[in-house]
Asker: 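Dropping a structure here in structure tokens format, bear with me for questions.
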Amino acid sequence: MPPEATTAQKRFLVTSALPYANFDIHLGHLLEAVQTDLFVRYQKLRGNTAVYVCADDTHGTPIELSSLKRGITPEQLVAQVHQDHIRDYAGFNISFDIYGSTNSEENRRYAELIYENLSKNGLIVEREINQYFCEHDKRFLPDRFIMGTCPRCKAQNQYGDVCEVCGATYEPTDLLDSRCYICGNAPVMRKSKHLYVQLGKNEKFLRDFIETTGVLQEDMRNFVKSWIDEGLREWCISRDGPYFGFKIPGTTDKYFYVWLDAPIGYISTTEKWCKEKGQRVEDYWKSESGTEIVHFIGKDIVYFHALFWPVMLKYSNFNLPSRIQVHGFLTIQGEKMSKSRGTFILAREYLDKIKHPQAPEYLRFYFGSKLMPNSSDIDLNSTELLNRVNTTLANNIGNLHHRTFVFCDRYFEKKIPDAHWDEAIATVVEHAALEIAGYYEKCEYKSVVEKIHALGSLGNKYYQDSKPWELIKTDTQKAAAVMVTCVNLIKAIAVFLKPITPDMSGRVERQLGSVFTWDDALFSLRNKALGATEKLIKPLEEEDLAPLFTAATAREQQGKEGLLEIEDFKAVDLRVAVITGAEKIEKSSKLLKLQVEIGKEKRQIVAGVAAHYSPEQLIGRQVVVVANLKPATLFGQKSEGMLLAAQNADGSLVLLQPERGVTSGAKVS
């Protein structure tokens, strides 16, 4: 029987979580994008409408502070990061239909609409609260600028809104041993009024929602249910200025919390796409539209998507998610991704350091070979990457492709012979198509790859057992039947792999002169001219991966040991300098702009010592500076080095300087 036919075309609106716009795309982001892309490409291959929407999450205090440090506006920062994100995703063939930004007028309008509807339905309440205030930095501290110990699992160094270890969400005031992220000082409490959404009024709705068949995986459903059982807390949706975001209507200095307007980016970006394509956003987001909304997210943001987001949608008559597909974290060589341990790999690093032309597609394949519809963590291991690519793609599928088409080129005048295929093999493929379709629907990509590998093994065994190199001498028609069977099997494999390895399948398409749809998995080719035969797969070698993974392993080992090699220390150029000028920087309570002389060279250094030294105290001092530090821009001022200082237990800084006068520019060793 043929692959399962779709009785009617389905319509999907599919999203990945929005990456934050203050940093580059890393391989954890990419894992989610690949998982989403495989689902979208499969649906399109089946003839369904599937719109893949994503955008940058652009608001919040970290964006504003990052832009100040770089000497640019928040708008300039998010515009620059936006282009970088698009570039890096494109390097791995992620097929967004649109990649937008939450910093848009469409997003403002929808945020205000949803807020207005929540308010009309009596879900918004104003409360005066105790809020952390940093007396050193003279500002209220948003949750991401408070660090401390999780009140639930007691994990240290967690942010003030969510624990990255146990996934709990809480108020910043619940955090234990709190400290200011900016300066490290303990904050104090001050009164401030804020707006809250009363989630508790929606308990029955949320219980019914998460119990809806297919919305959440079982492990995640139980996880979310436990939060509801503990009692739904009111959700604070406002933040004090200064805040880069949308001002809340009717307030003077309150802004929408970034987690209110971030998921709204799914809707506003869809609207932008609809305007460009002449379609109606209502056909995707109105509750009666019939469109299936599918969110792919990491397990660290389940609370927001399974509890906050459905309530926001309900009261504006928007479409609720049909499915929230939750995945685990990505580890590198068995270690959690960490900058300090050297196991944090950017997408751009992978593209730049691994020179193999098919490396991006191989990573797509590797992720696909491990992804299952659960929230288990996934490890990226260089040895396993090499083995999986070479075992399945090169030695199995690539081998079957090469031996088949080279044989057709040599003995059948570069044509698929005019013969009938082996019906037994065709039947196996037809049944496999049903299984593989089910795996794709369930995001059981690991099973997809395993089934495809089995088909490749079947093809190679059939080729070997049939011995076409002998048949061509004694029975040309039987040899022709073997070739027709193998060509059609390769075509079916290319169809099944097309969502995972679109470039590789594209080469088979060009050779066969067609663009595959799902129905092309059926055996149908005979008596057809072939395009030029090219090697489908270039095997991976250890030296291909070494530039990326050797560096990461070395950084990881160094981080574990906490020790530096002598060459690392020698790379830091420490020099004695004289401060010849000093002045305060406007709007900064911590920074001074210093003019220094390092020997005969004059430089400008921006230093965070204003709270400890006046400009007058510094002029004429000899200090020690890092002379080969990459220049940076702080508060719009260029800084060409760094002063060395020691910090006392009370937080005060003391500049390091020679015991007695030495020549300016002298090297410290």
Asker: Under 4.5 Å between any side-chain heavy atoms of Leu313 and Trp285, yes or no?
Answerer: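 They are in contact (side-chain heavy atoms under 4.5 Å apart), so the answer is yes.
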Asker: Counting C-beta onward and ignoring hydrogens, is there a side-chain heavy-atom pair between Lys446 and Lys370 closer than 4.5 Å?
Answerer: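 In short, these two side chains do not touch, never coming nearer than 4.5 Å.
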Asker: Counting heavy atoms not belonging to Glu218, are there more than 12 under 6.0 Å from its CD?
Answerer: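 Result for CD/Glu218: open.
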Asker: Between Ser375 and Asp219, is a side chain to side chain donor-acceptor pair (under 3.5 Å) present by the stated rule, with each step listed?
Answerer: CA-CA 8 Å; Ser375 58; Asp219 59 340; 2.8 Å; yes
Asker: Closer than 3.5 angstrom, by distance alone: can the side chain of Gln358 be matched with the main-chain N or O of Leu536 as a donor-acceptor pair?
Answerer: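 Confirmed, Gln358 side chain pairs with Leu536 backbone.
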Asker: Considering only NZ, NE, NH1 and NH2 on the basic side and carboxylate oxygens on the acidic side, decide whether Arg87 and Asp24 come within less than 4.0 Å.
Answerer: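 So Arg87 does not pair with Asp24 through a salt bridge.
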Asker: For Ser316 and Phe318, indicate whether the former's side chain and the latter's backbone hold a donor-acceptor pair under 3.5 Å.
Answerer: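 Answer holds: no.
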Asker: Once rounded to the nearest 0.5 Å, what's the spacing between atom CZ of Arg323 and atom CZ of Phe12?
Answerer: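 Result: 8.0 Å between the selected atoms.
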Asker: May I ask you to test the Phe405-Ile490 pair for a side-chain heavy-atom distance under 4.5 Å?
Answerer: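 A side-chain contact exists here, since the closest heavy-atom pair is under 4.5 Å.
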Asker: Please examine the side chains of Glu430 and Leu522, heavy atoms only from C-beta on, and report whether any two atoms are closer than 4.5 Å.
Answerer: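 The answer is yes; the side chains approach within 4.5 Å.
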Asker: Looking only at non-hydrogen atoms, find the nearest pair between Asp88 and Ala347 and report the distance.
Answerer: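 Nearest heavy atoms, Asp88 then Ala347: CB-CB, 4.3 Å.
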Asker: What is the distance from atom CZ of Phe365 to atom CG of Leu385, rounded to the nearest 0.5 Å?
Answerer: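 Here the rounded value is 10.0 Å.
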Asker: Evaluate the ring planes of Tyr42 and Tyr440, with Trp represented by its six-membered ring, and classify them as parallel (under 30°), tilted (30 to 60°) or perpendicular (over 60°).
Answerer: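 Ring orientation of Tyr42 relative to Tyr440: parallel.
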Asker: Test your reading of the model: is there a side-chain donor-acceptor pair from Tyr445 to the backbone of Gln35, 3.5 Å cut-off?
Answerer: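 Indeed, once roles are kept as given, a pair shorter than 3.5 Å links the two residues.
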Asker: Using side-chain heavy atoms (C-beta onward) and a distance below 4.5 Å, is Ser457 in contact with Asn396?
Answerer: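 Yes. Closest side-chain heavy atoms under 4.5 Å.
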Asker: What pair of heavy atoms forms the shortest contact from Ser101 to Ala55, and how long is it?
Answerer: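 So the two residues come closest at N-CB, 3.6 Å.
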Asker: How close do Leu330 and Asp379 get, heavy atom to heavy atom, and via which atoms?
Answerer: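 So the two residues come closest at CD1-C, 4.5 Å.
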Asker: Could you tell me whether the side chain of Val428 reaches within less than 4.5 Å of the side chain of Leu455, counting heavy atoms only?
Answerer: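 SC-SC contact between Leu455 and Val428 confirmed.
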Asker: Do Trp259 and Phe308 have ring centroids that are under 6.0 Å from one another?
Answerer: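 Ring centres of Trp259 and Phe308 not closer than 6.0 Å.
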Asker: Test your reading of the model: is there a side-chain donor-acceptor pair from Asp97 to the backbone of Tyr52, 3.5 Å cut-off?
Answerer: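 Confirmed, Asp97 side chain pairs with Tyr52 backbone.
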Asker: Identify whether NZ of Lys or CZ of Arg in Arg11 sits under 6.0 Å from the centre of the six-membered ring of Tyr284 and within 45° of that ring's axis.
Answerer: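 Yes, Arg11 lies over the aromatic ring of Tyr284.
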Asker: Is it true that Glu106 and Arg109 make a salt bridge, defined as a side-chain N closer than 4.0 Å to a carboxylate O?
Answerer: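 Here Glu106 does not pair with Arg109 in a salt bridge, since their nearest N and O are not under 4.0 Å apart.
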Asker: Output yes when a side-chain donor or acceptor of Ser505 lies under 3.5 Å from a complementary backbone atom of Pro502, and no otherwise.
Answerer: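 Side chain of Ser505 to backbone of Pro502: no pair is present.
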Asker: Output, in order, the C-alpha distance, side-chain angles, deciding distance and verdict of side chain to side chain contact (heavy atoms under 4.5 Å, CB included) for Thr501 and Arg364.
Answerer: CA-CA 7 Å; Thr501 56; Arg364 289 176 62 98; 5.6 Å; no
Asker: Which atom pair, heavy atoms only, marks the closest approach of Leu18 to Asp56?
Answerer: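 Reported closest heavy-atom pair: CB-C, 4.4 Å.
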Asker: Go through the side-chain N and O atoms of Thr291 and Asn319 and say whether any donor and acceptor fall under 3.5 Å apart.
Answerer: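 The criterion, which ignores hydrogens and geometry beyond distance, is not satisfied for Asn319 and Thr291.
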Asker: Are the side chain of Lys201 and the backbone of Gly122 linked by a donor-acceptor contact shorter than 3.5 Å?
Answerer: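 Checking the backbone N and O of Gly122 against the side chain of Lys201, a donor-acceptor pair under 3.5 Å is found.
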Asker: Would you compute the distance between atom CE of Met220 and atom CG of Asn222 and round it to the nearest 0.5 angstrom?
Answerer: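 The CE atom of Met220 sits 9.0 Å away from the CG atom of Asn222.
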Asker: Return the CG to CD distance between Leu123 and Glu234, rounded to the nearest 0.5 Å.
Answerer: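 Those atoms lie 10.5 Å apart.
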Asker: Cut-off 3.5 Å, side chains only: do Tyr439 and Glu450 have a donor facing an acceptor?
Answerer: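 No, no side-chain donor-acceptor contact under 3.5 Å.
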Asker: For the pair Ile228 and Ile210, evaluate side chain to side chain contact (heavy atoms under 4.5 Å, CB included) and give the outcome as yes or no after the intermediate values.
Answerer: CA-CA 10 Å; Ile228 299 177; Ile210 67 169; 3.9 Å; yes
Asker: With a 6.0 Å cut-off on ring centres, are Tyr99 and His82 close enough?
Answerer: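 Under 6.0 Å, so yes.
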Asker: To the closest 0.5 Å, what do you measure between OG1 (Thr517) and CG (Leu45)?
Answerer: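 So the gap between those two atoms works out to 6.5 Å.
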Asker: Please check if the side chain of Thr102 supplies one atom and the backbone of Gly265 the other of a donor-acceptor pair under 3.5 Å.
Answerer: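 No; zero donor-acceptor contacts below 3.5 Å.
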Asker: Can you check whether Pro249's main-chain N or O pairs, donor with acceptor, with Glu112's side chain at less than 3.5 Å?
Answerer: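 Here the side-chain-to-backbone pair does not exist.
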Asker: Taking atom CG of Asp261 and atom NE2 of His59, what is their separation to the nearest 0.5 Å?
Answerer: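 Going from CG on Asp261 over to NE2 on His59, the span is 5.5 Å.
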Asker: Check Ser16 against Cys54 and note the closest heavy-atom contact, atom names and distance.
Answerer: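 Residues Ser16 and Cys54, closest heavy atoms: O-SG, 3.8 Å.
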Asker: Any donor-acceptor pair under 3.5 Å linking the side chain of Arg46 with the backbone of Trp518?
Answerer: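 A pair under 3.5 Å: no.
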Asker: Report yes if the side chains of Thr36 and Ile94 come closer than 4.5 Å at any heavy-atom pair, otherwise no.
Answerer: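 A side-chain contact under 4.5 Å is absent here.
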Asker: Check for me whether Lys451 meets the cation-pi criterion with Phe496, that is, NZ or CZ under 6.0 Å from the six-membered ring centre and within 45 degrees of the ring axis.
Answerer: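 Lys451 over Phe496 ring: no.
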Asker: Measure from the ring center of His295 to the ring center of Tyr266 and say whether it is less than 6.0 Å.
Answerer: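 Yes; Tyr266 has its ring centre under 6.0 Å from that of His295.
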Asker: Do Leu27 and Leu31 come close enough that some side-chain heavy atom pair is under 4.5 Å?
Answerer: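 Result no, sub-4.5 Å side-chain heavy-atom pair not found.
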Asker: With a 4.0 Å cut-off on N to O distance, would you call Lys204 and Asp208 a salt bridge?
Answerer: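 Between Asp208 and Lys204 there is a salt bridge, with a charged N closer than 4.0 Å to a carboxylate O.
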Asker: Starting from the C-alpha separation in whole Å, work towards a yes-or-no answer on side chain to side chain contact (heavy atoms under 4.5 Å, CB included) for Trp273 and Val53.
Answerer: CA-CA 9 Å; Trp273 177 83; Val53 169; 5.5 Å; no
Asker: Could you check whether Asp377 pairs with Lys299 (Lys NZ or Arg NE/NH1/NH2 to Asp/Glu carboxylate O, under 4.0 Å)?
Answerer: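 Yes, Asp377 and Lys299 are salt-bridged.
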Asker: Checking Asn107 against Thr58 for the side chain to side chain contact (heavy atoms under 4.5 Å, CB included) test, could you report, in this order, the C-alpha distance in whole Å, the side-chain angles of both residues, the deciding distance, and whether it holds?
Answerer: CA-CA 11 Å; Asn107 213 48; Thr58 60; over 6 Å; no
Asker: Report yes or no: does Gln217 contribute a side-chain atom to a donor-acceptor pair with the main-chain N or O of Val326 at less than 3.5 Å?
Answerer: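 Side chain of Gln217 to backbone of Val326, a donor-acceptor pair under 3.5 Å: yes, one is there.
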Asker: Tell me the closest heavy-atom pair linking Ile354 and Ala359, and the distance in Å.
Answerer: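 In terms of heavy atoms, the two residues are closest at CG2-CB, 3.5 Å.
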Asker: Go through it in stages, so that I can follow the logic: the residues are Phe92 and Phe367, the test is ring-ring contact (aromatic ring centres under 6.0 Å, His included), and I'd like the CA-CA distance, side-chain angles, deciding distance and then a yes or no.
Answerer: CA-CA 12 Å; Phe92 294 89; Phe367 284 159; 8.5 Å; no
Asker: Heavy-atom count around Lys225 NZ within 6.0 Å, excluding the residue itself: above 12?
Answerer: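 Counting neighbours around NZ of Lys225, 12 or fewer heavy atoms of other residues, nucleotides or ligands fall under 6.0 Å, so no.
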